[in-house]
Amino acid sequence: MTDASEEAKQIEKLYEFGERLNEAKDKSQNVKDYEGIIDATKTSIKAKQLAAQLIPRFFKFFPNLSSRALNAHFDLIEEEDLAVRVQAIRGLPLFCKDTKEYISKIVDILGQLLTAEEIVERDAVHKALMSVLRQDVKDSLVNAESLTALFKHIWNVEDPSQDDTIRDKVLCFIRDKVFPLKAELLRPQEEMERHITDLIKKSLGDVTGAEFRMFMDFLKSLSIFGEKAPPERLKELIGIIEGQADLDAQFDVSDADHIDRLISCLFMAIPFFVRGASGSKFLNYINKHIIPVFDKLPEERKLDLLKGLAEISPYTTPQDSRQILPSVVQLLKKYMPRRKTGEETNFTYVECLLFSFHHLAHKAPNATNSLCGYKIVTGQPSDRLGEDFSEYYKEFTERLSSIEDLTRATMKKLTQGMAEHNKAMAAAKSDEAKESIKTQKQNTTTGLRTCNNILAMTKPLHSKTPAFIGDKSVNLSWKEAVKPSVPSSATGTGVKRPSTAANGSNNFATKKGRGAGGMQNQLVNRALEGISYGGRGGGRDADEFLDSLWTNNRHCSPLEIVLKLIG
């Protein structure tokens, strides 16, 4: 150990070196002074702290001593004493302030230091990194070099020396510190946004789902991919998502990771399809590889896939619509039985498939002639009007009638259930009981919305020349309804890809916590309150009333029935 008097002499000597260097007009002549500062890194703790300040301050004046000075300073970063390490870290940005060739090296070291356990040390690393990234932001070459050095910790995944802990810490730093300051750091804007996009694309070789979403959210926020972005930019983003979905790979139904990634990427891509990007590659892959093995998919993934297909269907091209329609019709026939079988009906599957069918058929209407026996005339040979598909029409409309009967019967049960929920809510004492009933009511409301949609979509399909729905008149039951002119009683907020839960025997996909949105459901609730609390009688009388209601208004929409009920 160095005694106090010896340490005092070392400190005094360092101050002398520093003062002479400060006062010298040509500092490069004071080589001995700078060498004395470098040598002080091998002395006492206090001297090391002071040396950590002086080495970077005068570094640029002694290029011939650069390697020696850097190595001595890097040794200080590995010191056992925390105060020495922190001081050495704080000095790192000065090395590249006037000597740009060291930017990559300094950023690389700071990236490794993000794993520091001491809070004060980690804070020093964060500040030093941000200081380097902020240096010369107007110099695109320097700016690009510092970002590249940082991202190398992410995409050097095949480097056996690469520490996953460092990679994770660098990712967190980029997410929390770099991305929020993109307006400040990415200058000139277009050039640097392009550069960081390329860095991100290079980083996607081995990322988790959460990491990929983080990167995509950031890319979407860049001006080069904004609302006014040209088609080729949207195509680039879709290409990134398609690559992550691995759409060039052979599909293996036992590969749960690929299934999850594919469906997640499909939902991630939908906003870009809305903006005009092509979804052909996704549709073709689903049609060729997934629908043929649909029965083998996990149940929750079946629903996710059908929801994704429904949400993408309004934005397909006529050619893609024509290609996938046969597969959708086959699935419709599977889930719309020709006659009652006693098997459980998944109404949400039917809702998804009917929605997809309408929007696809709207773009390729005459394709339904040979699939469903319709008589739609477009003047094209593909009309196939000379062929007899009357049996297909008979079969398809029988299936429509069958699913309508099942749907109305289910709506009857749901309305009765809602009345019971209302009574239970009035009698509930604890908050836990009220919350449980509230969830049941929300599930029931979603079920009613699903049934409403099914009946609204089957009704026009009985015609031999149906008008397929191609607008926004039907709002999918799991999506938030757009109600600009009607105050909403809903408290939930929508997300693009909700988690799903089975609701009893009806298998309605629901979102817990979502409020009962929509004017139709408000009307249904009002009607049910009348039934529940004596407006139309109770018990057996209510059952008989509901039976007659559905029977006598068989061809009315649910909303029309409800309007009669409360009118």
Assert yes or no for the condition that the ring centre distance of [X] to [Y] is strictly below 6.0 Å.
X   : Y    : answer
H73 : F59  : no
Y34 : F62  : yes
F95 : Y102 : no

| message | Any heavy-atom pair between the side chains of L147 and V178 that's under 4.5 Å? | response |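 Yes; the side chains approach each other to less than 4.5 Å.
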| said: If you define the side chain from C-beta out and look only at heavy atoms, does anything of I166 sit under 4.5 Å from K169? | reply: no
| For S473, what residues pass the side-chain contact (heavy atoms from CB on, under 4.5 Å) criterion, not counting sequence neighbours? | I469, D471
| K302 atom NZ, neighbour heavy-atom count above 12 within 6.0 Å |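 Yes, because the 6.0 Å sphere around NZ of K302 holds more than 12 heavy atoms from other groups.
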| query | More than 12 foreign heavy atoms under 6.0 Å from NZ of K201: is that the case here? | reply | yes
Are the side chain of [X] and the backbone of [Y] linked by a donor-acceptor contact shorter than 3.5 Å?
X    : Y    : value
K235 : A277 : no
N475 : K479 : yes
S264 : D260 : no

| message | So that I can tick it off, tell me whether R85 and E118 are bridged by a salt bridge, with the cut-off set at under 4.0 angstrom between side-chain N and carboxylate O. | response | no
| message | Ring-plane angle category for F282 and F273, please: parallel below 30°, perpendicular beyond 60°, tilted otherwise. | response | perpendicular
